[in-house]
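Taking it in order: structure first as structure tokens, then the write-up.
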Number of protein chains: 2
Amino acid sequence: MLNNSQYIEKLRSSGLRPTKQRIKICEVLFNTHKTFHFTINELVKRISKSTNDKISLATVYNTVHAFKNKGYLKEIPINSDQSYFDTNTSHHHHFYDETQKDLIDIDDADVEPVKINTRIPGKKIKSVEVLVKVEDDKS
Amino acid sequence: MLNNSQYIEKLRSSGLRPTKQRIKICEVLFNTHKTFHFTINELVKRISKSTNDKISLATVYNTVHAFKNKGYLKEIPINSDQSYFDTNTSHHHHFYDETQKDLIDIDDADVEPVKINTRIPGKKIKSVEVLVKVEDDKS
DNA sequence: TTCTACATTATAATAGTTCTAAACTGTTGA
DNA sequence: TCAACAGTTTAGAACTATTATAATGTAGAA
């Protein structure tokens, strides 16, 4: 749980000007004990619920991308018509429930480290992400 | 390498009517010794190179989705502004080169089996996909 | 306080994908 | 073989997520 001055510090430390709108977005994203997944659409809804000020879609996109580039948010690779983001930036993986269209964290401790026994010359590994697709078990 | 009657059989066996357009799409997708990755855009280009008939975008989308649902194509989970598909439906994983925006197969033998030590009640695992993002090694 | 560079905003533009409705064509049954 | 039907193709419009634009606003330094 962070207060405003901590959001300001967080923004400044990553080279972003702490504007009114960005602080509001911080509040929605980080003022919770639990991390969560969201699409831009859902984020805009959360924001408009928690404030009477209107924040434009463009600002939300710009800010989310800035946070993503700074490592404050992670984008989750998944085939969908829209992008999913995660406020949990620690190393972990995901279940994707294809029936409910729902994303669920897999604790890193519940996944054995993934060993890749091959490399691409001149490239370094940036991330290893596991997506486990699940569906209703009708058997 | 399949001939036309084999495409027809392939289409019929999956409940699709073997129309001229679908056979042409089959030729482009499956008439090669190597599997490959593609976006719809790239597929349309390949098709128009190999025939003078024009196949509409809608037909390509419909057919690719039908093949995906039947398991003849796999969709690769990756964050991109467009969907990637794979004609290699065997179990394997991918490198995604973020510098070149290029997808590269990882042979299944080069990835230690991924062990997930947790389950979601009432759900069964449909697939486990590993995406290894790489970038140029400047170190 | 004033100035300047950066932010915000509404809106337009873009691009991938899906929808629609009319024309067309495999397939089935006579 | 052929007519009729149901599924298919098609062009283009519509839709949706995202990005670009350009005018207006504002944070922060002097």
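So you know, we letter chains A, B, ... as the sequences are listed, proteins then strands, and number each from 1. The structure displayed is predicted, hence computed values, not measured ones.
- Aromatic rings from A:F30 and A:F67 are positioned such that their centres are separated by under 6.0 Å.
- In summary, contact between chain A and DNA chain D, defined as any nucleotide atom under 4.0 Å from a heavy atom of the protein, begins and ends at D:dA17 to D:dG28 in the 5' to 3' direction.
- Sorted pairs that involve residues 34-60 of chain A and meet salt bridge (charged side-chain N to carboxylate O under 4.0 Å, His left out), not counting sequence neighbours, are lacking altogether.
- For A:S127, the side-chain hydrogen bond (donor to acceptor under 3.5 Å, both in side chains) test picks out A:E129, with sequence neighbours left out.
- Rounded to whole angstrom, the span from the CZ atom of A:R22 across to the P atom of C:dC6 amounts to 12 Å.
- Counting heavy atoms from C-beta outward, B:F85 and B:L29 have side chains that stay 4.5 Å or more apart.
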Determine, for nucleotides 12-22 of chain C in 5'-to-3' order, which nucleotides have protein heavy atoms under 4.0 Å from the base (write B), from only the sugar-phosphate (write S), or from neither (write -). ----SBBB---
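- Axis orientation changes by 30° from one end of the helix from C:dT1-D:dA30 to C:dA30-D:dT1 to the other, with each end axis drawn from 5 pairs and the value rounded to 10°.
- Checked against side-chain hydrogen bond (donor to acceptor under 3.5 Å, both in side chains), B:N52 has no partners two or more places apart in sequence or in another chain.
- Every residue was checked against the ring-ring contact (aromatic ring centres under 6.0 Å, His included) condition with A:H65, not counting sequence neighbours, and none meets it.
- Judged as a side chain to side chain contact (heavy atoms under 4.5 Å, CB included), and not counting sequence neighbours, the contacts of B:I23 are B:N4, B:Y7, B:I8, B:L11, B:P18, B:E27.
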Detail all sub-3.5 Å separations between protein N/O atoms and N/O atoms belonging to nucleotides 25-27 of chain C.
| residue | atom | partner | partner atom | Å |
| --- | --- | --- | --- | --- |
| C:dT27 | OP1 | B:R12 | NH1 | 3.0 |
| C:dT27 | OP1 | B:R12 | NH2 | 3.3 |

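- Every pair tested for salt bridge (charged side-chain N to carboxylate O under 4.0 Å, His left out) that includes a residue from residues 11-20 of chain A fails, sequence neighbours excluded, so the list is empty.
- Within the structure, salt bridge (charged side-chain N to carboxylate O under 4.0 Å, His left out) pairs that include any residue of residues 69-91 of chain B comprise B:K68-B:E75 (at least two apart or interchain).
- Here C:dC24 presents its P atom at 13 Å from CD of B:Q21, a figure rounded to the nearest Å.
- Of the possible donor and acceptor atoms, one in the side chain of B:S50 sits under 3.5 Å from a partner among the backbone N and O of B:I47.
- Shown here are the ring-ring contact (aromatic ring centres under 6.0 Å, His included) partners of B:H94, two or more places apart in sequence or in another chain: B:H37, B:H92.
- For the residue pair B:S90 / B:N88, a side-chain donor-acceptor distance below 3.5 Å is found, with atom types taken as modelled.
- A cation-pi arrangement is absent between A:K123 and B:F95 under the rule of less than 6.0 angstrom and at most 45 degrees off the ring axis.
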